[in-house]
There are 2 protein chains.
Amino acid sequence: MSMKDVAAAAGVSLTTVSDALNDRGRLPEATRRRVRDVAEQLGFQPHRTARSLAKGRSGILMLSVSLPESTPGSAVDIEFFVRLMSAASGAALQRGWALVLAPATGGEWSVPVDFDGAIVVDPRPHDALLRLADAEGKPVVTVGRDLENPDRLHVDNDHAAAVREALDLMAEAGAERPALLASEADSSYVRDCVDGYQVWCTARAMTPQVVTAAGGLTQGAGYEAARGFLTESKRPDAVFTTLDSLALGVHLAAQSLGLDMPHDLQIATLSDSEAARQARPAVTAVDLDPVATGKEAVQLLIKAIEEAADAESFLVPTRMHVRGSTGTASPEAVSD
Amino acid sequence: MSMKDVAAAAGVSLTTVSDALNDRGRLPEATRRRVRDVAEQLGFQPHRTARSLAKGRSGILMLSVSLPESTPGSAVDIEFFVRLMSAASGAALQRGWALVLAPATGGEWSVPVDFDGAIVVDPRPHDALLRLADAEGKPVVTVGRDLENPDRLHVDNDHAAAVREALDLMAEAGAERPALLASEADSSYVRDCVDGYQVWCTARAMTPQVVTAAGGLTQGAGYEAARGFLTESKRPDAVFTTLDSLALGVHLAAQSLGLDMPHDLQIATLSDSEAARQARPAVTAVDLDPVATGKEAVQLLIKAIEEAADAESFLVPTRMHVRGSTGTASPEAVSD
DNA sequence: CTGTTAGCGCCTTCAC
DNA sequence: GTGAAGGCGCTAACAG
């Protein structure tokens, strides 16, 4: 069942079939209809690979999540990435593109398919896909800015603003010594959080306390770090963390130290998650909208591939979910 | 940078390049080496699409997760599926294949790439990918059995045995009226659980109580169902659920009714998850090993595509994690 | 408006 | 052992 068969069955040439099926050329509507009917009747399906060869476009998008090397586990342990990936995959399919996940690990690997462009989440210099795409001159969209090349097309959130909003919230509820707990990832979002935090502290004439959690993006890392700063003489009475798993570690540490949340310690974090909702008290979190982010990244990448003029970086709006871990919270239902 | 360039640079013919690069023909080792060196030096990368066209094989595997229509949300809400998918994607890549996720929703969609085979998780008759692959005569491996065609190649667990093991555990801890809470999904694993449960009840001369949770694979569905059977006069003193989210719903219902776990109610469930570990008390769960399952499914599918003689269905071993929600549990650390 | 003709890059006979 | 030629199914110039 190839185009040739359709052409024969319809009594026209290959070109006519191709044009009729692809809405090209200026065929009389009758011919177009007839060819299409024949094609449908024959159950004709275009051979994508052949089409790709001829057009020089594979229709495949690659996506990689570039985690810091120090963190154990993989991207699927982080809800934000899972939702982003799933949304990106769906958005791609919907637009007629296929999305393939790049391998998590670095190391030497080769992509087994031709691809037309790449989405690199939380880019780091060593990211294999990023380098590969650059080497082959293929379009790249990053989620979070590429610190080595800030002008690169990207989708991002305004993390600094989100941090300030959370700090305002906790300060209104009485926080006087809010700390920032950051992961050791050197990503644009972490920098933005630190920047936002420091700007806020300066404006309020407060002494900033930035702690970096060693040991990766895990609850354990947050726990260990929190056990440290929560036992200091002048311990923080509020913490903002750059990742929900860190917040849950702090949560656990606070409980183990007998601290009451939100009274003794308020917690707010970046990246809302089911775990943040399920904790007791539930953790106030900034929803980064990974679904919108994934969709935007795909849309942007496709634009870049098609060399659309209006392909430009995009800021996805965030939304704060206020919960029991911060002072002014009204209790939220489990189903929130 | 095509093979032709390599041929010219190496001063040999196209065939020689092709044979040298693909370990074919009987070239003198020296020639083979030289050609490869030249190719490498030139940074030659074979054009996958062209290769696919010529060989009639795309190198692409599709994977779909076929959820019951009644459930809200998507497959990424279920940890088992996420881990399976991620493992499958990695395993495919490692073997030189690419894996593309099929759209979650039914509806009319078309795959934008040629694919060589499909993995269908938890197959249902209406699964679009399953039908498509069948229609095109492409190999399919299911995760869980296809109830309409039980001989189809699959990867599965011995759920019935896992259920019996859990029931034994709870019975030893004193359970006298264990119930089974099943999702309304008509999948082979649900049937296996019910069968295992009924066999067990018969052997112990106990009256089976099978409850089906309406409303999909959610915590809410488990909660609602549990509020029902936990307020009956002769309420169950133990529950096995076919999915962790249902167990968490039961957990919540038990708490809201003031029941003490595991004393008043024991809970065990299929499919271990982070949420099951984090609950207090933590929920005893059967680890279905989605990572091994995903890898096996890929391996099996590739075998089927390559028409290997030893492609046969596979049972992935399970492992029970005993936690505080069942009587004989020894307290487990958070990091478990 | 429609048909003919080259490719797209690689693989695979088949002669040399 | 090596080279020439045809074909995979479709697209895109270019004639007609």
Side-chain angles (χ1 to χ4, degrees), chain A residues 1-36 38-40 42-60 96 110-116 136-138 305-306, chain B residues 1-36 38-39 42-60 96 110-116 136-138 306:
Chain A
M1 184 71 321
S2 70
M3 270 178 46
K4 197 153 63 175
D5 301 315
V6 177
V12 294
S13 76
L14 270 177
T15 316
T16 305
V17 175
S18 180
D19 285 349
L21 262 31
N22 294 298
D23 262 321
R24 253 173 315 181
R26 296 168 299 287
L27 307 181
E29 194 49 38
T31 310
R32 185 157 304 189
R33 273 275 298 279
R34 191 163 50 82
V35 172
R36 290 190 162 179
V38 171
E40 179 153 0
L42 263 49
F44 168 76
Q45 292 290 110
H47 192 294
R48 325 304 292 235
T49 304
R51 180 204 292 264
S52 295
L53 216 217
K55 297 187 61 159
R57 200 167 274 181
S58 67
I60 292 178
S110 65
V111 184
V113 290
D114 289 324
F115 63 97
D116 297 333
E136 301 187 353
K138 290 173 179 162
I305 292 170
E306 292 176 345
Chain B
M1 180 70 324
S2 70
M3 271 179 45
K4 196 154 64 177
D5 301 314
V6 177
V12 295
S13 75
L14 271 177
T15 317
T16 306
V17 175
S18 179
D19 285 348
L21 263 31
N22 294 298
D23 263 322
R24 252 172 314 176
R26 295 170 299 288
L27 307 179
E29 194 48 37
T31 308
R32 184 157 305 193
R33 275 273 298 281
R34 190 163 52 79
V35 172
R36 290 191 162 180
V38 171
L42 262 50
F44 167 76
Q45 292 289 109
H47 192 295
R48 323 305 292 236
T49 304
R51 184 205 288 269
S52 294
L53 215 216
K55 298 186 60 160
R57 200 167 275 181
S58 67
I60 293 177
S110 65
V111 184
V113 290
D114 289 325
F115 62 98
D116 296 334
E136 300 187 351
K138 290 174 181 162
E306 292 176 344

- Taking five pairs at each end of the helix from C:dC1-D:dG16 to C:dC16-D:dG1, what angle separates the two helix axes (nearest 10°)?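 The end-segment axes of the helix from C:dC1-D:dG16 to C:dC16-D:dG1 are tilted 50° relative to each other.
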Between the main-chain N or O of [Y] and the side-chain N or O of [X], is there a donor-acceptor pair closer than 3.5 Å?
X: A:Asp19; Y: A:Thr16; answer: no
X: B:Ser58; Y: B:Asp114; answer: yes
X: A:Arg34; Y: A:Ala10; answer: yes

- Of A:Thr49 and B:Thr31, whose nearest nucleotide on DNA chain D comes first from the 5' end?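 First, find each residue's nearest nucleotide; the 5'-ward one identifies B:Thr31.
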- Query: Got B:Val111 and A:Arg48 here, is their nearest side-chain heavy-atom distance under 4.5 Å?
  - Reply: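 SC-SC contact between B:Val111 and A:Arg48 ruled out.
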- Message: So B:Leu21 and B:Phe44, do their side chains get closer than 4.5 Å, heavy atoms only?
- Response: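 Yes - at least one pair of side-chain heavy atoms lies under 4.5 Å apart.
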- Message: Does the protein touch nucleotides 10-16 of chain C at the base, only the backbone, or not at all? Give it as B, S and - per nucleotide, heavy atoms under 4.0 Å.
- Response: BSB----
- Item | Start and end of chain A contact along DNA chain D [non-hydrogen atoms, under 4.0 Å] |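 Contacts span D:dG9 to D:dA13, reading 5' to 3'.
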- Query: So, A:Thr15 and A:Ser18: side-chain donor and acceptor under 3.5 Å apart, yes or no?
  - Reply: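 Per modelled atom types, A:Thr15 and A:Ser18 side chains form no pair under 3.5 Å.
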- Task: Take B:Val113 and A:Val113 through the side-chain contact (heavy atoms from CB on, under 4.5 Å) test and state the conclusion after the steps.
- Result: CA-CA 11 Å; B:Val113 290; A:Val113 290; over 6 Å; no
- salt bridge (charged side-chain N to carboxylate O under 4.0 Å, His left out) partners for B:Arg36, two or more places apart: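 Partners of B:Arg36 under the salt bridge (charged side-chain N to carboxylate O under 4.0 Å, His left out) test: B:Asp23.
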- Message: Run the salt bridge (charged side-chain N to carboxylate O under 4.0 Å, His left out) test against B:Glu136 and tell me which residues pass, sequence neighbours left out.
- Response: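 Only B:Lys138 meet the salt bridge (charged side-chain N to carboxylate O under 4.0 Å, His left out) criterion with B:Glu136.
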- Could you tell me the separation between the CZ atom of A:Arg33 and the P atom of C:dC1, rounded to a whole number of Å?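 Result: 18 Å.
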- Query: side chain to side chain contact (heavy atoms under 4.5 Å, CB included) with A:Glu40: which residues, sequence neighbours excluded?
  - Reply: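 Here no residue qualifies.
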